[in-house]
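Reading through the structure tokens given below for one structure.
What you are looking at is a predicted structure, and each value in this text was computed from that prediction instead of being measured. Proteins get letters first, then strands, A, B, ... in listed order; numbering begins at 1 in each.
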Amino acid sequence: MTNAPPSRKPKTAAKKTPAKSVKKHKPATVLIVGAGFAGLGTAIRLQQAGIKDMVILERAGEVGGTWRDNNYPGAACDIPSNLYSYSFDQNPDWSRSFSGSGEILGYIKAMVKRFGLEKYIRFNQNVSDLAFDEEPGLWHATTDSGEIFSGRAAVMAQGPLSNASFPDISGIEKYQGHKVHSAAWDHDYDFRGKKVGVIGTGASAIQIIPELVKDASKLTVFQRTPAWVVPRPDFDTPDWQKTLFRKVPASQSALRKGLYLAHESMALAVIWNSPMTRLAERLGRWHLKRQVKDRWLRRQLTPDYRIGCKRILVSNDYYPALQQSNCKLITWPISRMSENGILTAEGIEHQFDCIVFATGFDVGHSGTPFPVRGTGGRKLDEDWKRGAQAYKSINVAGYPNLFLTFGPNSGPGHNSALVYMESQIDYIVKGVKTILDKNLKALSVRGGAQDEYNSRIQKRLAKTNWNSGCKSWYLTEDGVNATMYPGFATQYARQMASLELKDYELIPA
Amino acid sequence: MAMIDLDKMLVKVKSTQWALSDIDWDAPGADLITEEQWPKLKEFMTDLMWIEHVGARAFAAMAKKAPTDTLREIYTYFHAEEQRHANVEMALMKRWGMLDGDELPEPNINLRLIIEWLDRHSDEVPVYVLGTVVPMLEIALDGALCKFLLDTVDDPVCHQAFEKINDDESRHLGVGFSVMEMQGHGATYIKTVEMAAQIANPRVILGIASYFPLLNKMRDNVVAMGLSEEKLYACMEKFEKIGGRTKEGRSNPWFQIIKFHSRWMVDRSNKFYHVPVDALVKATSYIPRKLLPAVPSWVRELTYEPTA
Ligand SMILES: Cc1cc2nc3c(=O)[nH]c(=O)nc-3n(C[C@H](O)[C@H](O)[C@H](O)COP(=O)(O)OP(=O)(O)OC[C@H]3O[C@@H](n4cnc5c(N)ncnc54)[C@H](O)[C@@H]3O)c2cc1C
Ligand SMILES: [Fe+2]
Ligand SMILES: [Fe+2]
């Protein structure tokens, strides 16, 4: 039975009723959907390449995407900040090795100011349709406010994890207590002295739990599958380091390079089944054994899949939090929700004042967040019915001048998403420049090139840990991996470094 | 019973979950327990509760080793369901005033040994060994004991609870026998020998050393309560009948092993079996509890409270 409410947009999203008269805006050169890291990074690099005629459509009233929405207690990145930031805008002032959500949002906002991006952004514009008009060679974005924005090229930067999802638990709508989603935190709710349930034990949950356990009178954690957790080398940045980075920026670049290489080497453990994989699993087991003395609890927390098959979590305080006297881990299957709480299969009703859903996001493996229509009326979600496909993760045949960020098979399992993003952004700049320099109506990737690219990718994916049998959000229902890139970030960067015109059809304006 | 569709079974299991709060624990009828019944019933319920709990732990081990995702999920539910049965039985004991405050009733020494064995070794034992022993225990102990209880106790709440429990149990048996058949299916000679060879696995030997006395001990306990030995044996024979119904079932060597064991067990005149095993029962009763390691923490998860 499916009673889950539809996925919710962050509460900052605009809720306007479509206006009667359509307001059409003058076409820009580039249309960008989303003002998160990807959309803003694209704008910066376009601007630096001299392309300044662009519009960024953002459904919320603020920039920041992931880091605007995910500000639950404990929210932080799990890739070191010096790597989880843009190489073209390094920040010497990160306060810790893994910065908190607020600090990352501050970095994004400062970036917007420094590069003067405000003028491009249209807030409270939720894109509900994106369509290519072949005759003039223009993309039209229709928004909820009934306005139409157009551009010669379009960039989809609406985020891979931007629509909160609730679990498919029967009776979820019956629950009368307070409900909070990790990606739409309720900062007005006072957790002190409350009986709180947390559903989920993924990346967000393991950050939230150590914080909530400090406030809640009783915290009950519902786990379906335990994840691999490894120690987190987190520390405050010493002042001398900030000074050094400011005075000798090359030293920060050197650290960044070092971190990059360290993460690249982790690909060996994460992506393929290698001796490094065993080593990483041993690290995970060591961490668990060191922090959890009770054998049964340890058994409950021991993953039963190969490390790397799902996202690896990093935390030093998750296991200790679970062992606090006011915290309890429940591994019984959830059978349903009631007015008062959650019923599990051992026959007990767990009652709560508040339930926290740390249940992640809707990831469309085959769908698209809004209709995207290409040449000849084709629809992207139909073309992607059997799993999303793109050429080099960025272009799709039949959708000229459209660029994807975080497109199919671009996800990193072992390195900063922003490293991959920079490769994509620079590719987009090349694409847009090609359209302008050659004055094209359409820059359209060839179907054959896309097929060839994908058969290679899928062959490589078959040998990875992600396809080794665990169920994860990386895979579609049929087990197709349309999410991850099977290789090193360096390989990805190399593939994105050149735009091969022979793989495209060029239609002059 | 033909082999069942496990995917459909999983759906069915998910859709038939129930909870302690579905039962009105304060409904009239608690006073139908006679004074004469009370002390023996208390001991009986304690055993029953612990058997459910032990069954729960066995399913947890099977979930870890399950050959398919569906079966893993089914066993995960069965693990929880056995825990639910134990919780329900504890709630009945609470209702009948058999609990000492919030104290968990003590398991008898043979159950205590089984708990110890399950905790230390069950996760490492191949799934087909537990997959055969568990249905046997379910049919013999769960089956016979529950039936006996309903014949003896008039409290309607008890009947209501066991109607739900028995529904769960029929699914456990359905899956149990299907899996036994699955494992016997197309077994080559080599595979059969390999499976049977597990009998020499030290973990399995230790398990057997705990399992045999438990059965004899339970027999003694039920007989003491007035259940005829024959009824218990009739249930055990059911195992042989259902398990051996198909060629696949019969070619599972562990079915054969358990079958022969249950034949010895039922045959009171088999001195070679009963003399040493009864001696073991006696011997185990001398084991000082202090020598046993602390009970594993999963044991403390039991509760009679419908809400937490
Ligand atoms: C809790 C959490 C922790 C993470 N930690 C890390 C980490 O440590 N390291 C790492 O590499 N990655 C991490 N990630 C992944 C993270 O999502 C990416 O690194 C990155 O922030 C994505 O940026 P983006 O711009 O692509 O998407 P987003 O940041 O999601 O931005 C998309 C923007 O588009 C807007 N938008 C969406 N739909 C529409 C529409 N229809 N119309 C108009 N606007 C729209 C959204 O409001 C949003 O502002 C984390 C993700 C989460 C959720
Ligand atoms: Fe049971
Ligand atoms: Fe059972």
Side-chain angles (χ1 to χ4, degrees), chain A residues 1-2 168-171 195-197 217-226 292-305 322-323 326-352 468-472 475 477 479, chain B residues 10-11 13-23 52-53 56-57 60-61 63-66 68-69 72-91 118-120 122-123 161 164-165 168 293-308:
Chain A
M1 199 163 52
T2 314
D168 181 10
I169 298 174
S170 86
K195 279 178 83 175
V196 181
S217 67
K218 191 168 171 221
L219 189 69
T220 308
V221 176
F222 294 86
Q223 168 188 281
R224 191 165 54 184
T225 29
V292 180
K293 295 295 167 215
D294 183 69
R295 288 198 309 140
W296 180 246
L297 182 61
R298 210 155 62 214
R299 184 187 188 277
Q300 289 176 300
L301 291 168
T302 302
D304 56 8
Y305 58 88
L322 287 179
Q323 295 169 86
N326 61 333
C327 192
K328 182 150 182 56
L329 176 72
I330 302 278
T331 54
W332 307 117
I334 292 177
S335 39
R336 65 189 162 90
M337 280 177 75
S338 67
E339 213 173 291
N340 299 315
I342 297 170
L343 284 99
T344 38
E346 92 288 21
I348 307 301
E349 180 179 81
H350 306 268
Q351 301 182 335
F352 300 109
S468 69
C470 74
K471 276 192 193 133
S472 73
L475 306 183
E477 286 292 314
Chain B
L10 177 57
V11 174
V13 167
K14 284 185 178 174
S15 65
T16 46
Q17 292 299 311
W18 53 277
L20 265 67
S21 56
D22 296 344
I23 294 166
E52 303 273 18
H53 198 44
R57 182 63 183 82
K64 220 167 197 151
K65 290 270 160 120
T68 66
D69 280 348
R72 177 205 312 258
E73 217 179 323
I74 289 178
Y75 286 149
T76 303
Y77 271 93
F78 287 0
H79 172 205
E81 290 181 351
E82 295 296 2
Q83 179 90 2
R84 176 164 74 209
H85 301 168
N87 287 340
V88 163
E89 284 147 21
M90 197 164 159
L118 281 166
D119 190 51
R120 297 273 158 191
S122 63
D123 288 343
K164 290 179 181 298
I165 289 179
D168 293 344
V295 284
S297 59
W298 49 268
V299 163
R300 292 191 294 263
E301 303 272 310
L302 291 171
T303 174
Y304 59 83
E305 301 260 26
T307 62

Do B/Ser297 and A/Leu297 have side chains that get closer than 4.5 Å, going by heavy atoms?
no
Ranking A/Lys195, A/Gln300, A/Gln351 by heavy-atom pairs under 4.5 Å to chain B gives rank one to A/Gln351
Proximal component of B/Pro306, with respect to chain A [non-hydrogen, under 4.5 Å]:
backbone
Part of A/Leu343 within contact of chain B (heavy atom distance under 4.5 Å)
side chain
Where on B/Ala86 is there a heavy atom nearer than 4.5 Å to chain A: the side chain, the backbone, both, or neither?
neither
For chain A, which of B/Thr76, B/Asp69, B/Asp123 has the most heavy-atom pairs under 4.5 Å?
B/Asp123
Taking side chain as everything from C-beta outward and backbone as N, CA, C, O, which of these in B/Trp18 sits under 4.5 Å from a heavy atom of chain A? Side chain, backbone, both or neither.
backbone
Within the 3.5 Å criterion, strictly below it, is a donor on B/Glu82 or B/His53 matched to an acceptor on the partner's side chain?
no
Assess the side chains of A/Thr344 and A/Glu346: does a donor N or O sit below 3.5 Å from an acceptor N or O?
yes
If you tally heavy-atom pairs under 4.5 Å against chain A, which of B/Ala80, B/Ala60, B/Ala19 wins?
B/Ala80
Please determine whether a side-chain nitrogen of the Lys or Arg among B/Glu301 and B/Arg57 lies less than 4.0 Å from a carboxylate oxygen of the Asp or Glu.
no
Modelled atom types, side-chain donor and acceptor of B/Ser21 and A/Glu349, under 3.5 Å:
no
Pick from B/Lys14, B/Glu73, B/His79, B/Arg72: which one has the most heavy-atom pairs with chain A under 4.5 Å?
B/His79
Within the supplied structure, the quantity of interest is the number of heavy atoms (other residues, nucleotides, ligands) at a distance under 6.0 Å from A/Arg298 CZ; does it exceed 12?
yes
Can you tell which part of B/Asp119 gets under 4.5 Å to a heavy atom of chain A, answering side chain, backbone, both or neither?
both
Can you tell which part of A/Ile330 gets under 4.5 Å to a heavy atom of chain B, answering side chain, backbone, both or neither?
neither
Regarding A/Asp294 and A/Arg299, does a basic nitrogen lie under 4.0 Å from an acidic carboxylate oxygen?
no
